[in-house]
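Here's the structure, in structure tokens; my notes come after.
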Amino acid sequence: MAEKARANGEVRIGVYVCHCGSNIAATVDVEEVARWAAQNLEGVVVAREYKFLCSSLGQAMIRDDVKEHRLTRVVVAACSPHLHEKTFRRACASAGLNPFLLQMANIREHVSWVTRHRESATEKVKALVAAAVRRVVHHEPLEPLSVPVNRHTLVVGGGIAGIQAALELADAGYPVYLVEREPSIGGHMAQYDKTFPTLDCAACILTPKMSEVGQHDQIRLLTWSELEEVSGSVGNFHVRIRRKARHVREDVCNGCGFCIEKCPRKQIDEVFEAGMGYRKAIYTPFPQAVPKVPVIDEGSCIWFEKGKCRICEKVCPTGAIDFDQKDEILEVDVGNIILATGWDLFDCRRIPQYGYGRLPNVFTSLELERMCNASGPTGGRVVLRDGVTEPKSVCIIHCVGSRDLRYNTYCSSICCMLSLKLGHLILEKTGAKVYACYIDMRPNKKDYEEFYQRLLDEGMLFIRGKVAEVTDVPRTPQEEGKLIVQVEDTLLRKQRRIPVDMVVLMGAIEPRRDARETGIKVGIACGAAGWYIERHPKLDPIATMTEGVFIAGACQGPKDIPDAVGQGAAAAARVQGMISKGTVLIEPVVATIDEDACSGCRVCNNLCPFGAIDFLAEQAVSRINAVLCKGCGTCVAACPAGAITGAHFNNDQISAEIEGLLWDAAGDRGPEAAATGRPLEPAGVQE
Amino acid sequence: MQRETFEPRIIGFFCNWCSYRAADGAGTARMKYAPNVRVVRVMCSGRIDPTFILKALALGADGVLVAGCHPGECHYIEQNYKTIRRFAMLRHTLRAFGIDERRVRLVWASAAEAARLAEEIDRMVEEIRTLGPLRWPSTAGHDGAHLHDVERILHEHAEAMEVAP
């Protein structure tokens, strides 16, 4: 086929090998590869190496060559196509060449960075370049598909990142569905008393935003709801949302709160109060909840348990209580999805030597946050588990489950500042002696170091060392009745035992327990630590590998409030860009069926999970809907008649690539193969 | 003709979303692994026509490494389950051809599992090195040694179609 194409004067290939500074050139003999390609590979009319092909000069070189040498195909051997395929496609397009007539050979990530020896790296690069050259001969010009973008956006998660994203979009005039699984939006931020480093009150800055969300005519707020299923693709997602039975009619309830007041069932609130306080069976998590409409928890309600009570129904002035309400599925269409699902706190019981759950006066950071909060379970007083005694000494332990190879390798990034803030609040409220045992202090952002200095001045005591154990077994009379923190002070170089009344564990910020399942619903993956993987760790931390799905806030990695807000706004800006453009271009990597060759066997019909293949009964053939097709190619590989072609990954292209990769293997083949000379062809390409 | 140590040629078929990204990740992290695997990028492991694998072996590859997303994590929902099925069937065909099954491997590597993928590659290269060059199809038995396998394949194909994930 290559010969045929060449005879027509059609195939004129330019090969460009990138040095990437020394990233490639240090391990690969790029000059040799370019020289070899020019001399040995069929169809190559020009082969060059260049310091940085992705630079504007590098791109200009390709552009000029395409014009001057009348190139019909371009091969770029450089980094991963995930990084710069778009760049080089644009360079081709700017020279008037269809961007799909480009093929990249990944010689950085797949060769130079992972190979020790120059000789074998160069040998492998030659194979990859040979494969790209062989493959590109079979490339066909393709035009991207243009689809309209639905103006609605789905935001999943009503913490500060999701709130910010929803408000930015709504203020720009675009409708938003905001889904939150709890009865109210607000997320973790609503649980806090103060925020670092300014110590302004969390509620004072959060609740205005929350009520703005509740009142915004462009935001449809769906609390006590969960993402059920997502189908479709960028521009046109179809989303099923489970609206859990609230047993209180949102359209009727006026939020007076009589029902909550009169409900006889008290229940420990494990979510909002972090187990420190109580709520009723019918409840809103906190007084400023948005919406104000309460939820009946079927698990604790006496009516659901025993079939008696219904007091809330009797006292409700508007008749909003509905015990018969069932879960409902709401189906909506959106153009883009923003995930802002947040984080969970590390389960401190996993480190038994720190005593959480066993020693009563060991607390988690979230428990202390609730205690410090004026509207919290203790009315803002910091007290021991007995509810009355103020601690005279407190030890805060950093990195509980973070920076620890047994649990999480990463740094949770906010705990140093959180510890300083809690230290300040404890000092202010109790005057207790406050110790902090840290591995490294990392107050590394604007005004953070200053806050650290402030706490040093306020008399918080810092001990550099990882705590070995928290115990209640005394060795001396002074330790009697205390919690003893055993730690090696690495600055003093000695073991210390610090007797205190209270211990606070800075538990790690962890991915949501169900982050993976949620990710699968929208088609994005989690990294090793469980955070959602961004499109690019530096240059595109907002987008994901799935077009139209963005991530914001702590679901992408531990984040403080300003960072979460910044990402929420950034994700909204990206979505606005998509909507204001109105259409989105989709990669034309889709399958098509040659209806003349289709036998109508319907093997492919059941293989497509996107329902993109229709069987036309009258003509007895199958047909693929290009908008629904996502281009996986499974049907292509399965068609017994070879009637299905996968654009940009067709049989000819992949076969040519295999041949190229094994260009140097012919001599190793047995005599029979050499004699017959005809390698196996994939099904469907036999002439 | 023989080199001092036998360097196997292995063709990799990596899915775009998980394994290819894992290989990219191994590069970004500068992990070092054997240079013997040359990778074809496919959008999904479900795209891999078993004849691609046979073609690679016929053209001189000593082994083939197929890598895709973990079952249940496919970018295309469930297409890697079809890979599992095809792979089971391909195994029978390979046996019939007299090709050691260890030469063709299916592994799962998520985008985050760069280290795991690098390890798998190293392990496979070492294994193929001990198996020696394939030189197929000249090594395929036309002497009746594999007739038994060919017969068995007919029975086992039906069974393979039932393979559950």
Side-chain angles (χ1 to χ4, degrees), chain A residues 80-83 106 108-117 120-121 123-124 127-128 131 516 520 523 525-529 533 545-546 589 607 609-610 630-634 636-638 646 649 651 654-655 657-659 661-662 664-673 679-683, chain B residues 1 7 9 11 16-18 20-21 23-36 38-44 46-52 54-56 58-62 69 72-79 82-83 86 110-113 118 133-140:
Chain A
S80 169
H82 285 300
L83 209 60
N106 185 347
R108 192 179 73 172
E109 279 83 348
H110 287 198
V111 187
S112 71
W113 276 350
V114 294
T115 309
R116 286 196 183 86
H117 304 295
S120 45
E123 193 185 341
K124 185 173 174 183
L128 296 186
R516 189 172 289 271
I520 289 170
C526 298
I533 301 178
M545 289 303 285
T546 301
V589 177
L607 286 175
F610 308 107
K630 298 210 176 189
C632 69
T634 304
V636 184
F649 287 89
N651 287 343
I654 296 176
S655 294
E657 197 172 352
I658 298 169
E659 287 165 16
L661 288 176
L662 293 164
D664 55 345
D668 289 359
R669 262 193 292 163
E672 264 176 58
L680 285 163
E681 294 290 343
Chain B
M1 283 291 282
E7 286 297 336
R9 286 186 195 84
I11 298 298
N16 182 56
W17 305 99
C18 294
Y20 195 87
R21 290 204 96 204
D24 279 0
T28 309
R30 313 296 200 274
M31 293 169 188
K32 297 289 182 273
Y33 59 84
N36 307 56
R38 302 167 179 180
V39 176
V40 176
R41 179 168 68 109
V42 287
M43 293 310 278
C44 177
R47 173 65 183 95
I48 301 163
D49 188 325
T51 56
F52 292 157
L54 295 174
K55 170 159 186 157
L59 285 179
D62 301 298
C69 309
E73 292 179 14
C74 181
H75 187 79
Y76 303 100
I77 302 175
E78 56 184 30
Q79 303 303 62
K82 283 127 200 175
T83 313
R86 284 190 195 135
S110 78
E113 292 175 324
L134 175 61
R135 296 206 184 87
W136 188 67
S138 68
T139 50

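Throughout, a chain's letter reflects where its sequence line sits, starting with A, and its residues are numbered from 1. The structure presented is a predicted model; accordingly, all values stated were derived computationally and were not measured.
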At a heavy-atom separation under 4.5 Å, does [X] approach chain B through its side chain, its backbone, both, or neither?
X	result
A/R108	neither
A/A529	neither
A/L661	both
A/V111	neither
A/L83	neither

Out of B/A112, B/G46, B/A61, which one racks up the most heavy-atom pairs below 4.5 Å with chain A?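 Most heavy-atom pairs within the cutoff with chain A belong to B/G46.
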
Between B/A56, B/P50, B/A34, who has the most heavy-atom pairs with chain A when the cutoff is under 4.5 Å?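 Heavy-atom pair counts peak at B/A56.
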
What part of [X] is in contact with chain A, defined as an atom under 4.5 angstrom from a non-hydrogen atom: side chain, backbone, both or neither?
X	result
B/S110	neither
B/N36	neither
B/K32	both
B/R41	both

Go through A/G527, A/P609, A/A528 and name the one with the most non-hydrogen pairs under 4.5 angstrom from chain B.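 Top count of heavy-atom pairs under 4.5 Å with chain B: A/P609.
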
Between [X] and [Y] (side chain of the first, backbone of the second, donor and acceptor by atom type, cut-off under 3.5 Å), is there such a pair?
X	Y	answer
B/D62	B/R9	yes
A/R516	A/A525	no
A/T115	B/P35	no

Take B/R38 and A/D664 through the salt bridge (Lys or Arg N to Asp or Glu O under 4.0 Å) test and state the conclusion after the steps. CA-CA 12 Å; B/R38 302 167 179 180; A/D664 55 345; 3.0 Å; yes

So which heavy atom on B/R86 is nearest to which on B/I48, and how close?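 That would be NH1-O, 3.8 Å.
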
Is the shortest heavy-atom distance from the side chain of A/P81 to the side chain of B/Y20 under 4.5 Å?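 Yes; the side chains approach each other to less than 4.5 Å.
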
Whether the B/N16 and B/H75 side chains hold a donor-acceptor pair (N or O, under 3.5 Å, no angle test) is what I'd like checked.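 No, B/H75 and B/N16 have no side-chain donor paired with an acceptor closer than 3.5 Å.
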
We want to know whether B/D24 and A/H110 form a side-chain donor-acceptor pair, criterion being a heavy-atom distance below 3.5 angstrom.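 Yes, side-chain donor-acceptor contact under 3.5 Å.
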
